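In what follows, every chain begins at residue 1, and chains take the letters A, B, ... in the order their sequences are listed. Just so it is clear, the structure is predicted and the values come from calculations on it, not from any experiment.
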Amino acid sequence: MHVSQNLLVLVLCAQLNVLCVMGGLDLQCGVIEPVPSAVELHTEFTATCVLFESCIRQHVANADDMYWKFQQHKVPKEQYTKINDTAIRITVNITDELNSPLTCNVMLHGQVEHNIYGIFLNKGFPPEKPQNLTCIVHQAGKSLSDTMLCTWNPGRESHLDTRYTLKAQTITNTYENISRIDEGELKMTTMPVFVNMMIWVEAENQLGKSTSKQSYLDPVDVVKPSPPEIEKISSEKEFPNSLVVSWNLILNPLLFKLKYNIRYRSASSSDWTEVPLSETGSSIKSFRLQDLKPYTEYRVSVRCIKEDGFGYWSDWSKEMSATTPEAKPSGKPDLWRVIGPSDSDKNRLVTLMWKEPDPSVANGKILGYEVEIEAGRYPAVKRFTVNGTSADYMLTEGRTYRITVAAFNSKGQSPRASLVIPADSQKERPPVEDLKAFPQDGKLRVEWKATPNITEYVIEWCAMMEEGGGCSTESIEWQRVSASSINTFLKGDIKPLKRYKILVFPVYSGTPGACRSVEEYLKQGCPTIGPTVRTRKKERNGALLEWNLIPFMSRNGFIRNYTIFYQAEGGVEESITVDYANRQYTLTSLSTNTMYAVHVSANTDAGSKNGSEFTFTTLKFAPGEIEAIVVPVCLGFLFTAVVTLLLCFNKRDLIKKHIWPQVPDPGNSRIANWSPDSPVRHNFSPKEQVCPEGIITDFSVINIENDNIDDYNKASDSLKKGKYTSEEHSSGIGGSSCMSSPRQSVSDSDEADSAQTTSSTVQYSSVVATSYRGQLPSAPVFTRSESTQPLLDCEERPEDQHLYGNLNGFNREGQLQNSEQGVRHPSRLYFKRPRMINEDADPSCDSLGFCPADEVTLQDSAATGTSQPDRERQTVPRNGINASLERNETKSYVPQQNGYRAQ
Amino acid sequence: MEVIRAKKAPIQCSLHNPDNDHVIRQTHNLSKLLLSHSQDLLKEYLKCQGDPFNQSDFRPSPSSQPDLPRPLPEMWHSLTDEERLLDNFTAHFLLSHHLRHTQEEQKELNPNAAVLHALLETSLNRTCHLLANIRAVMDNMGVAPPDLDAPLPGNITIFEQKVKGYWVCEGSRDWLERTERDFASLVDKLPNF
C-alpha cells in the first residue's frame, strides 16, 4: 500500500513539477493538496498538508509537529490551522513577495526537521481581453498581399505563459494563427476582398482565457498601398511658376481607386507644402503644381490611399527634383558702398558693392549688373555693365552722386537699387545713438536708439585684424534693417574669438548718414599666449615690471586687466591685478637680495592666460648706496693724503735732515774757493744754490746704452748736415729714459732747442758699477767720483758739442752763453741709472760692462758747456774708470760743486 | 512555426449581417474584379491547352457545354431582383464546383502552368466569396436560396476535360458579366452616400 502510494506521489511530482522531498524519511510521509499549475496574484490560496498514517506510526508524529514554510521562512502557527491530527491547512494571499516553494514539514524527535511535501506556486494573472485590434493588408504588385497583419494591446502582463491566437472568419473560410503577444498575421490563399471578415484574438494561459472584441472588416478597407512611382516632372518655358508631376498606377483599379496626396518643397528648404486633397482627384495620373518660384529646384513626393479614405496612406514616394523655368529678376540687388579718403585732388575712391539678388528673387541665372552713376549737376549718366558684385569709381570733389544698380538674367532686368553719395563738403546727417553690441543666443546682437526721419539702417561689420584697424572692402559684410527696428542680429558667419567692428549707418532717403561703430566678440576666450614679463628696473625692495602687449589676433577677447603673480623663493605666491591700460607695474615691499619668480596673466571676460615665468633677484644695495659710502671714504683718504703731503712739504727740511745725512760739499771747500774758476761760480743764480751752505749737492745717475750711443751718433751725423735737429735724450725728470728710442724733432726754434738740451744737462754725475769682476750686481750702485783729475774726451769733436745744448749756460770755452737761459733752465743735478753695456755692441766699453761715458761726458760737458751725454759715453778711457771703480767700492759720495774747470 | 489553418465553411453559414447596401456594393465591386479575372483566366486557359484551343477561331461544339444555366441577357430586363439573385446564386454555385473540377484536372493536365493555376485558384476563391455575398444579399432581402446539388466530375476524356474547362471559364466570364450588370442595377437603386 505504501509503495504504491509513494510511486503515485513520485509520478505526480514529475508531472506537476512539485517538490517531493522525503526529508530523510524512508517513505512518502504526506502530501499537499491541491497542487495548482498556477495561482492568481492578489487572490487567496488554500493548501492542506496531510500526514500519512504510516508516517504517524513510524515517527510518532502528528499535526502538532507539522508546519508550513515558504522557501526558508517558517509560517507562524497562528497563520495556519490544524484540521485534525494528521492535517494542517494554510490560506495565504498570493503576492509577488511570496517565495516558492511552499513546503510542509514535520519536526521529529530530536528536533530533526523533515520536509513532507512541497509545491511551486506559478503566480500570475489570467490574460486580459486584447484591445484595439487593428489589421493591415499591404499591396503586392497589382493586387494585394495574401497576408493580413494585425496588432492589438494585450493589456496587463500576465506573468505566465500566455498563448495568443489570431482568428478570422469569412462566410466561406476560417483562419487562425498562433501569434506573438501583441501582433500576428494571417496568411490566406487569396486575400478575400469585398467580403466581410470577422477578426478576433484569443488569449489563454493556465489561469484562464479571454477573447477580444470581434472586429468586422473588409480587407480591402485596410489596405496600405505601395507608394506611387513618380514617372517624371516636366516644366514649360511659358510657365515659370508651375511644374507637371506624373506618376504610374500600379494597383489594379478594379480593386479600388486611389486618391493622392502631393507635397513639394524647394531644394533649399526642408519645409514641405502639401497640395490640398480636394485638388488631387482620384485616379489621376498627373498634377500641375502652381504658384511656384521661377528658376527654383523643387522636390516632389506623392502618396496615396483608397479613394474613400479607408485603409492607410502609403509611404511617400521617392522624391524627384525639377527646376522651374527662369523669369525676370523680381528683387533688386542690395547695394552698399565704401568711400575712401580724399586724395591730393580731393577726389574720393568709392567702392560700390552689392549682393547678388537672393535666388528667391533672382528668378534665374544672373548674367551681370548694370551700374548707372549720375553726378548731381551733370545730366549725362555714366552707365556700364559689371559681371562681378563690386566696382570702383572715383568721385569728383564737390559733387553729389546717385548710383543705381540692376541685375539682369536671360529674361530681363531687375528693379534698380539706388544709393546717394553726398559731396564730401556736405554735412553728414547725424548717426545713431547709444549703439551697443553683445552676444545673445549664439549670435551677435546690435542695438541702438531709434533715429528719427530715416528710411532704414545699414549694419556693416568685419572681423578686425589689428587693434584700431578698419575694414577692408573684401572683408566687409552688411545687412539692412527696417527703420522701425532698433536692434538686429548679425546675419552671417560670425565666428567666436574674433573681434568684430560693427558700424551702423542711418539711411535718410537713400543717403547714408554718419556712422557709429562698436567692437564686440561673439564669444571671448582665453588669450592664446600670455604676456612676457621682464624687469625694467630692479631695486633693493622693489622692481619695475614691464610686459609686452599680446598680439591682437592672439587676444581672443578684450583684455580687461592683467594679474601679476610673484613669489619669493620659498615664499607664498601673491598677486596684483592692474588695469588693462597698464603694461608696467612696480612691485614694492620686496625682500632685499631675494629671488622672485613672476609671471603675468592677461584676463579677458572668458578667462586668463599666464605668460612665461621670469625670475629676478632684488638688489643687495640700493642704487647710489655704494657711492654714498665709497665717495666720502675716498675723499677722506684723499684729504688725509693731501694734508700729509702739505705737512711733509712744509717740514721737508726737517725730513731731509732725517733722511739724508749732511754731506760736506766740496764746492764749499777751501780748495774750491781757492779755485781760479770761483768768479764764474758766482754767476750762478741764487736759485740754483739749493743748498746755500753747500751741504747737499744735486746729483744724477745716467744710464748709458749702446744703442743710444749709436743713435746718438746717427743724430749727430744728421745734425752735421746743417739741419737743426734736437734729439731728446732726456735722462732727467720729465725726460724719456735712455731705454726709449730717441725721439727726433725738428725745430727752428732756438729756445726749444735750448729747453730740450737743458733737460739733459748733466752737471755732476758719478759712474755706476754694474758688476764686479764680470758679475752683475743685484742693485745699481751709485758711486760719486772724488777724483779731481780731468776726464778725457775721447772721439769728441768740439764743433759738435754745441748741438746738444749747453749745460748750465756754459759753452766749451767755459763762457756763459746766456744768463737768462741759465735762470730759466737751472742746471739740475740728478742721478741717472747706469746701464750695462754689451761689449760686443760697444767696443769702447771694458769687459766688465762698465761704461764711464756718463761721467766722462758730464765732466766734458761741464767743461764744454754742452750736453752730449750719449756721445760722450763712448769716450771714457778704461783706465780712469777702473781706477774710479776701485776707489769707489765703498759707495761713498763726494759732493761736488756745479761746474768744472776745463782741463 | 506558425500554423495557418483554413477550413471550408458551409456556404449556408450565416455571418453577421452588416448593412445590406454595403454588401450589395461589395458584391458589385467583387463581380467587376472577378470579371477581369475571368477574362484573364479564359485567355490563359486557352493558351495552356495547346492546339486547337490556342487558335483564335477556336470554338468547340455547344453540345459539350456543362450543365450550367444560361445568362440570358436578352431576358434580363424582364427579371426581378429576386430572380436575378437566384439565377446568380445558382450559376455561381455550379460554376464554383465546375471550377474546382477544372482546377484539379488542370493540375494533372498542365502541372507547370503556374499562372493558370494561380488564376484558377483566385477565381475559385473569389467565386466562393461572390457566392457568399449573393447569399448574404438574398438573406437580407428575404430571398430563400434554392436547394441545389453539387455537380460531380464526369468520367470523360482529357480532351473533353479541356473542352469542359473551356466552357467553365467562358461561362464564368459570361455569368460574371451578368452578375456585374445585376448588381450594378441594385447599386443604382441604393441611396447615394
Participant: Is the CG atom of A/Asn248 crowded by more than 12 outside heavy atoms at less than 6.0 Å?
Facilitator: yes
Participant: Apply side-chain contact (heavy atoms from CB on, under 4.5 Å) to residues A/Val193 and B/His129 and explain how you reach the verdict.
Facilitator: CA-CA 8 Å; A/Val193 290; B/His129 298 155; over 6 Å; no
Participant: Taking atom CG of B/Asn133 and atom CG of A/Asn196, what is their separation to the nearest 0.5 Å?
Facilitator: 7.0 Å
Participant: Evaluate whether atom CD of A/Glu229 has more than 12 neighbouring non-hydrogen atoms of other residues, nucleotides or ligands under 6.0 angstrom away.
Facilitator: no
Participant: More than 12 heavy atoms of other residues, nucleotides or ligands under 6.0 Å from CE of B/Met141: is that the case?
Facilitator: yes
Participant: Hey, what do you get for NE2 (B/His22) to CG (A/Asp221), rounding to the nearest 0.5 Å?
Facilitator: 5.5 Å
Participant: What do you reckon, is CG of B/Leu148 surrounded by more than 12 foreign heavy atoms closer than 6.0 Å?
Facilitator: yes
Participant: So, taking the atom named CG in A/Leu254 and the one named CG in B/Leu34, what distance separates them when rounded to the nearest 0.5 Å?
Facilitator: 10.5 Å
Participant: If you take all heavy atoms of A/Ser143 and B/Arg126, which pair is closest and at what distance?
Facilitator: OG-NH2, 4.3 Å
Participant: Flag yes if more than 12 heavy atoms outside A/Asp161 fall under 6.0 Å of its CG atom; otherwise flag no.
Facilitator: no
